[in-house]
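Residue indices begin at 1 and follow the sequence shown.
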Amino acid sequence: MKKTISLILLISLIFISSAFASDNAQNYDTISLYLHGVLGVDGMTTSFSLPEKNGANREGVFLKVGVDGYKNEDLGAKLGATADLSFSLPFRSEEKAGIDLGKLPYLGLSGGILFRSRPWDYIDISLSLKGNVSIYDYSSISLGLSLEPQADIYFFDDIYLKVSLSYGSDIAKIPFGGDKYVVWNNLPSRFTFGIGCGYAFGGYSR
């Protein structure tokens, strides 16, 4: 009889342990996604590119949609991945020293890593480092890097207001034709400021 009770208890403990292990396994394999859209203003300039000091300028209105992702966020994951697609329509473009940034729409695709901190229950602060592929003069493709600090202010557990800043600089331009395969000089930098909203789902919890 004692052996039977002991066997039942052992089997029960095995099932309970398996259930807890299953729950923990799920907690250790969850993905959190943050979808967002941002509307704002942007500016491009070559004045920070050497050797040209009096560079061309361009200002516009931009729209960006993107997604941030974290794995095992419930266990304190702070490092994630980010990607976005941006579109900018210029309302002003000034040519200087023979450099023209054009008046055609800007299209950009970015992706990189994202570090997030949560100083308060209703605010997330993050910083991302991205690689960019863009086109704005339709005669070349530009490659660059950008740094983007942003804050997410939560109205509900899954809906938030996003405030975003960014600074990026092209590091190379690949023309579609001409004598040069890669252009390194007089490349523009880009600044953006935007406000938008987002929705969090998946393994996310607050």
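- For A56 against L101, the heavy-atom pair with the smallest separation is O-CD1, 3.9 Å.
- A distance of 10.0 Å separates CG of L187 from CG of L143, quoted to the nearest 0.5 Å.
- A cation-pi geometry, defined here as NZ or CZ lying under 6.0 Å from the six-membered ring centre and within 45° of its normal, holds between R190 and Y106.
- Applying the side-chain contact (heavy atoms from CB on, under 4.5 Å) test to L145 and every residue at least two apart in sequence or in another chain returns nothing.
- In this structure, the ring-ring contact (aromatic ring centres under 6.0 Å, His included) partners of Y160, at least two apart in sequence or on a different chain, are Y154.
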Output side-chain donor-acceptor pairs under 3.5 Å for residues 84-92, partner residues at least two apart or in another chain, one line each.
{"from": "D84", "atom 1": "OD2", "to": "K130", "atom 2": "NZ", "distance (Å)": "2.4"}
{"from": "S88", "atom 1": "OG", "to": "D42", "atom 2": "OD1", "distance (Å)": "3.2"}
{"from": "S88", "atom 1": "OG", "to": "D42", "atom 2": "OD2", "distance (Å)": "2.9"}
{"from": "R92", "atom 1": "NH1", "to": "E59", "atom 2": "OE1", "distance (Å)": "2.6"}
{"from": "R92", "atom 1": "NH1", "to": "E59", "atom 2": "OE2", "distance (Å)": "3.2"}
{"from": "R92", "atom 1": "NH2", "to": "E94", "atom 2": "OE1", "distance (Å)": "2.9"}

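- The shortest non-hydrogen separation linking I171 to W184 is O-CE3, 3.2 Å.
- Residues passing the side-chain hydrogen bond (donor to acceptor under 3.5 Å, both in side chains) test with S128: none are found, sequence neighbours excluded.
- For the pair Y70 and L79, the minimum side-chain heavy-atom distance is 4.5 Å or more.
- Counting heavy atoms from C-beta on, the side chains of I195 and L161 come closer than 4.5 Å.
- The side-chain contact (heavy atoms from CB on, under 4.5 Å) test applied to L33 returns I31, V67, F201, not counting sequence neighbours.
- A donor-acceptor contact shorter than 3.5 Å links the side chain of R58 to the backbone of G102.
- The neighbour count for Y181 OH, taken as heavy atoms of other residues, nucleotides or ligands under 6.0 Å away, does not exceed 12.
- By the 4.5 Å heavy-atom criterion applied to side chains, D170 and Y136 are counted as neighbours.
- Note that the CG atom of D68 and the CD1 atom of I113 stand 12.5 Å from one another [nearest 0.5 Å].
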Inset, instruction - Output, in order, the C-alpha distance, side-chain angles, deciding distance and verdict of side chain to side chain contact (heavy atoms under 4.5 Å, CB included) for M44 and S93. - result: CA-CA 9 Å; M44 297 175 64; S93 182; over 6 Å; no
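- No side-chain heavy atom of S117 sits less than 4.5 Å from a side-chain heavy atom of D124.
- Salt bridge annotation for K103-E95: absent, with no cationic side-chain nitrogen under 4.0 angstrom from a carboxylate oxygen.
- For the salt bridge (Lys or Arg N to Asp or Glu O under 4.0 Å) test, residues two or more places apart in sequence or in another chain that qualify with D137 are K173.
- Atom-to-atom distance recorded for Y34:OH and T82:OG1 is 12.0 Å, nearest 0.5 angstrom.
- If you chain together hydrophobic residues whose side chains sit under 4.5 Å apart, V182 and V133 never meet in one group.
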Inset, instruction - Under the side chain to side chain contact (heavy atoms under 4.5 Å, CB included) rule, what do V65 and L35 come out as? Steps first, then yes or no, please. - result: CA-CA 8 Å; V65 292; L35 299 178; over 6 Å; no
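- Using modelled atom types, one finds no donor on one side chain facing an acceptor on the other under 3.5 Å when comparing Y167 with S146.
- Minimum interatomic distance between I135 and S140 (heavy atoms only, all atoms of both residues): CG1-O, 3.4 Å.
- For the residue pair T46 / N186, no side-chain donor-acceptor distance below 3.5 Å is found, with atom types taken as modelled.
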